[in-house]
Amino acid sequence: MLVLTRRLKEAIQIGDDIEITVLAISGDQVKLGINAPKHVEIHRKEIYLAIQNENNEAILASEASLHELNKQLKNLKGGK
């Protein structure tokens with residue numbers, strides 16, 4: 001992990017397209033501004049993890065649904 005110290009209004013550049021600027025510091029909170037291309041998704045970590053969890057649950061549900069559908073189709077074919 002790279003650790004950097006920045007003061008108010010100072011920035012960090014990531015690659016050519018992403019800039020993170022310290023906008024405000026109040027107590028134990030730091031307000032950051034992020035300039036990035038529109039195609040770059042930016043989320044708070046807890047939101048990102050929730051999205052990943054939902055996606056994983058959807059994949060598992062889809063696999064279970066496909067398995068059940070396959071089983072039902074086999075039953076229909078066997079019944080004819």
Side-chain angles (χ1 to χ4, degrees):
M1 174 187 301
L2 173 64
V3 178
L4 300 171
T5 302
R6 299 278 74 201
R7 293 191 174 115
L8 191 61
K9 305 293 182 185
E10 291 183 336
I12 296 168
Q13 187 73 32
I14 301 174
D16 293 331
D17 298 332
I18 300 172
E19 181 181 322
I20 301 171
T21 305
V22 178
L23 300 177
I25 303 169
S26 177
D28 64 348
Q29 289 188 335
V30 177
K31 189 179 286 188
L32 302 173
I34 303 169
N35 284 323
K38 290 193 182 277
H39 70 274
V40 175
E41 292 187 25
I42 302 170
H43 301 285
R44 295 189 326 253
K45 178 77 176 241
E46 64 273 16
I47 300 298
Y48 175 79
L49 293 174
I51 291 168
Q52 295 302 310
N53 188 43
E54 289 290 325
N55 288 343
N56 289 336
E57 288 179 10
I59 289 169
L60 293 175
S62 296
E63 288 175 358
S65 296
L66 287 173
H67 179 69
E68 182 61 31
L69 180 60
N70 190 31
K71 192 164 81 171
Q72 289 178 7
L73 287 172
K74 285 180 182 178
N75 287 341
L76 285 175
K77 288 180 181 179
K80 288 186 177 181

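- In this structure, I59 is not a member of the same hydrophobic cluster as L66, with clusters built from ILVMFWY side-chain heavy atoms closer than 4.5 Å.
- Inter-residue side-chain proximity for D17 and V40 is flagged as unmet; no heavy-atom pair is nearer than 4.5 Å.
- Considering only heavy atoms from C-beta on, K71 stays 4.5 Å or farther from L73 through its side chain.
- If you chain together hydrophobic residues whose side chains sit under 4.5 Å apart, I12 and L2 fall into the same group.
- The CD1 atom of I20 lies 10.0 Å from the CG atom of N35; values are rounded to the nearest 0.5 Å.
- The distance from atom NZ of K31 to atom CD1 of I25, rounded to the nearest 0.5 Å, is 12.0 Å.
- With Q13 contributing its side chain and I18 its backbone, the two residues share a donor-acceptor pair below 3.5 Å.
- Linking Ile, Leu, Val, Met, Phe, Trp and Tyr residues whenever their side-chain heavy atoms come within less than 4.5 Å leaves I47 and L49 in two separate clusters.
- Annotation: N70, atom CG; neighbour count of heavy atoms from other residues, nucleotides and ligands within 6.0 Å is above 12.
- The hydrophobic cluster containing I51 does not contain I34, counting ILVMFWY residues as joined when their side-chain heavy atoms lie under 4.5 angstrom apart, directly or transitively.
- Connection of I42 to Y48 is not established within any shared hydrophobic cluster, with ILVMFWY side chains joined at heavy-atom distances below 4.5 Å, either directly or through further cluster members.
- Looking at heavy atoms from C-beta onward, E54 lies in side-chain contact with E57 at the 4.5 angstrom threshold.
- Annotation for E68: atom CD counts as buried by contact number, over 12 foreign heavy atoms lying within 6.0 Å.
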### Message
Show, in sequence, the C-alpha distance, side-chain angles and deciding distance for V22 and R6, and conclude whether the side-chain contact (heavy atoms from CB on, under 4.5 Å) test is met.
### Response
CA-CA 7 Å; V22 178; R6 299 278 74 201; 3.8 Å; yes
### Query
Step by step, would you call T21 with L32 a side-chain contact (heavy atoms from CB on, under 4.5 Å)?
CA-CA 6 Å; T21 305; L32 302 173; over 6 Å; no
